[in-house]
Amino acid sequence: MQWRRKRVSSLLFSSKMAKSCCCLAAALALLAIVSVPCSGLRVGRSNSSFVGRRGAQFVLDGSPFLFNGFNAYWMMHVAAEPAERPKVSEVLRAASAAGLTVGRAWAFGDGGDRALQLSPGVYDERVFQGLDFVIAEAQKNGVRLILSLANNYKDFGGRAQYVEWAREAGVAVNGEDDFYTNPVVRGYYKNHVQKVLTRVNKFTGVAYKDDPTILAWELINEPRCQEDYSGKTVNAWVREMARHCKSLDERHMVEIGMEGFYGDSMPEKKQYNPGYQVGTDYISSNLIEEIDFSTIHAYPDLWLPGQNEEARTRFVQRWLRSHWDDAAKTLKKPLVFTEFGKSKKDPGYSEHARDLYLDAVFAGIYDLARIGDGSLGGGLVWQLMAQGMESYYDGYEIVLAQDAATSAVLARQSRLMSVLARTMNVAVADEEEEDRFAPRGRGRKHGGLRRG
């Protein structure tokens, strides 16, 4: 979602889903919660190994990997100024203390203030070292990063800046959607991908493509295309750019950055869209071999203007469950709910209302992760900030040092997901033990590990 305008309605997941939590995993999780204080909770593992996937499940060192996480798009931008880097350190320490083991941030800045890419192929080393610092601090705190490589919107440059650069170079371009089709603009993007993926971190000495602190590359934040609502234009671009990423880096996973809108490949699925399309096809694009997991965002108050809270609640329930079902059965890849939150600008907002909303979303994520054997890998709340960042506030800011109750909600979900992953690991171990004694010809149930 465009970072400057995010508003999300409250929702309450069905009681039927909530009641399903009475399984052994939930019982173990609740036992763990009461025995571990929310403050100082650290459930992350060392970042020495790459996270990969095995079918529709994330894995780390051969074991199921589930997580609770956060967005902090601003980290590189802030860390470009060495004096402001303590803000990045503060957020990563607080996130780690709350058990948040995955963060999502921008690895782009195209023209403008503190731009990473000043012009095609020309980079500001000061800003690149800001990104180096973010990755090094994440590693130090046991946080893995999803790094987005471009923006659909004009914030921090985005598609519009790429097309403008081409126009300034004398290339015949019409509008922002030429980002996906014009060979010169596509070349600019490919060069940026190569520059970022092959970058050697000044703090760690490790090339980004070799650093397991990075969980995945995101091709673009919320791709959209007004000229082709079928999704075919974006699909062709995704296929080309995902292959380009893999040609440079075979070790990391790649995801698109989609919101989840359905396109023409499965017309019957369009009923789940909020009454319109944005030029993407969730199914066909995420079926591309080089794409390792799918993502969704949900903003029913923006997508369903004029509808009441009950209608928006039903929409989000259907949106999450439909995409989870697609990921597990059609895509056979994991799903991550990469953006959700509740804005202080919403009518009737209170911190208590926000906590109830987050609890409801977390309950849905946990339940679907449990009954889907980890096919819903986790969620990333929008968004964490440090103290003294009022100029960055967008209404969704969560400052863990100031929001003790919200911090406890996040820590509780972190613990639930961690315990659920451990119980799944026990189940995998039991199945593998059974496989050892299975008649010859019956292969293992889980197949081989796919990395990136």
Side-chain angles (χ1 to χ4, degrees), residues 1-14 17 68-71 73 102 104 146 148 152-153 218 221-224 255-263 269-278 280-283 285-286 293-328 331 334-343 345-346 349 353-369 372 375-383 394-396 398 409-410 413:
M1 182 41 119
Q2 190 172 358
W3 71 273
R4 291 184 304 178
R5 51 181 188 85
K6 292 176 177 285
R7 298 177 60 241
V8 182
S9 301
S10 300
L11 62 93
L12 182 63
F13 285 87
S14 65
M17 291 178 64
N68 190 28
F70 64 98
N71 284 273
Y73 77 88
V102 174
R104 177 170 171 260
I146 297 174
S148 189
N152 172 67
Y153 307 104
E218 178 175 284
N221 173 52
E222 297 191 350
R224 293 186 173 191
E255 52 97 350
I256 303 168
M258 282 186 169
E259 301 157 275
F261 285 78
Y262 293 105
K269 284 286 186 176
K270 291 183 182 180
Q271 64 175 307
Y272 295 101
N273 288 341
Y276 60 93
Q277 295 171 252
V278 297
T280 59
D281 189 320
Y282 172 80
I283 298 295
S285 291
N286 282 299
F293 61 95
S294 63
T295 65
I296 61 170
H297 303 174
Y299 294 94
D301 55 344
L302 295 176
W303 297 351
L304 304 173
Q307 295 200 22
N308 60 32
E309 195 72 13
E310 182 180 355
R312 292 172 176 173
T313 296
R314 288 197 302 267
F315 168 80
V316 175
Q317 291 171 338
R318 293 173 66 208
W319 191 250
L320 178 58
R321 182 172 284 275
S322 175
H323 289 83
W324 164 75
D325 191 63
D326 294 331
L331 305 177
L335 168 67
V336 180
F337 197 170
T338 41
E339 284 194 26
F340 59 90
K342 187 169 183 61
S343 175
K345 299 176 183 178
D346 286 343
Y349 172 88
R354 179 179 68 186
D355 294 344
L356 290 177
Y357 168 74
L358 293 178
D359 254 339
V361 175
F362 287 149
I365 291 172
Y366 175 83
D367 283 337
L368 293 179
S375 55
L376 180 49
L380 308 177
V381 68
W382 187 279
Q383 66 172 323
D394 62 353
Y396 289 81
I398 297 173
V409 170
L410 296 175
Q413 175 73 357

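Owing to the predicted nature of the structure, the values given are computational and were not obtained by experimental measurement.
Of all the heavy atoms in Ser322 and Tyr262, the pair that sits closest is OG-OH, 2.7 Å. Of all the heavy atoms in Gly263 and Asp281, the pair that sits closest is C-OD2, 3.4 Å. Here the shortest heavy-atom pairing between Leu380 and Arg104 reads CD1-CB, 3.9 Å. For the residue pair Ala327 and Ser294, the shortest heavy atom distance occurs at CB-OG, 4.1 Å. A pairwise comparison of heavy atoms in Gly364 and Leu320 identifies C-CD2, 4.3 Å as the closest pair. Heavy atoms only, all atoms of each residue included: Gly379 and Asn68 are closest at O-OD1, 3.6 Å.
When side chains are defined from C-beta on, Val336 does not count as touching Glu255, because their heavy atoms never get closer than 4.5 Å. Side-chain atoms of His323 and Leu368, non-hydrogen and from C-beta on, never get closer than 4.5 Å to each other. By the 4.5 Å heavy-atom criterion applied to side chains, Met258 and Val278 are not counted as neighbours. Residues Phe340 and Phe362 meet the side-chain proximity criterion, which asks for heavy atoms closer than 4.5 Å. Inter-residue side-chain proximity for Gln413 and Leu358 is flagged as unmet; no heavy-atom pair is nearer than 4.5 Å. Residues Trp319 and Asn273 are in side-chain contact: their nearest non-hydrogen atoms beyond the backbone lie under 4.5 Å apart. Inter-residue side-chain proximity for Trp382 and Tyr299 is flagged as met; some heavy-atom pair is nearer than 4.5 Å.
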*asked:* Applying side chain to side chain contact (heavy atoms under 4.5 Å, CB included) to Phe70 and Ile398, what does each step give before you reach the verdict?
replied: CA-CA 10 Å; Phe70 64 98; Ile398 297 173; over 6 Å; no
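Evaluation of the salt bridge (Lys or Arg N to Asp or Glu O under 4.0 Å) rule for Asp326 yields Lys269 as partners, not counting sequence neighbours.
For the atom pair Thr295 OG1 and Tyr282 OH, the distance stands at 7.5 Å (nearest 0.5 Å). Atom CZ of Arg354 is separated from atom NZ of Lys342 by 10.5 Å, given to the nearest 0.5 angstrom. Atom-to-atom distance recorded for Leu335:CG and Trp324:CH2 is 10.5 Å, nearest 0.5 angstrom. Between atom CZ of residue Arg224 and atom OG1 of residue Thr280 there is a gap of 8.0 Å, rounded to the nearest 0.5 Å. Atoms OH and CZ, on Tyr272 and Arg321 in that order, are 10.5 Å from each other to the nearest 0.5 Å. If you take CG on Asn152 and CD on Glu259, they are separated by 7.5 Å, rounding to the nearest 0.5 Å.
Aromatic ring centres of Phe261 and Trp303: separated by under 6.0 Å.
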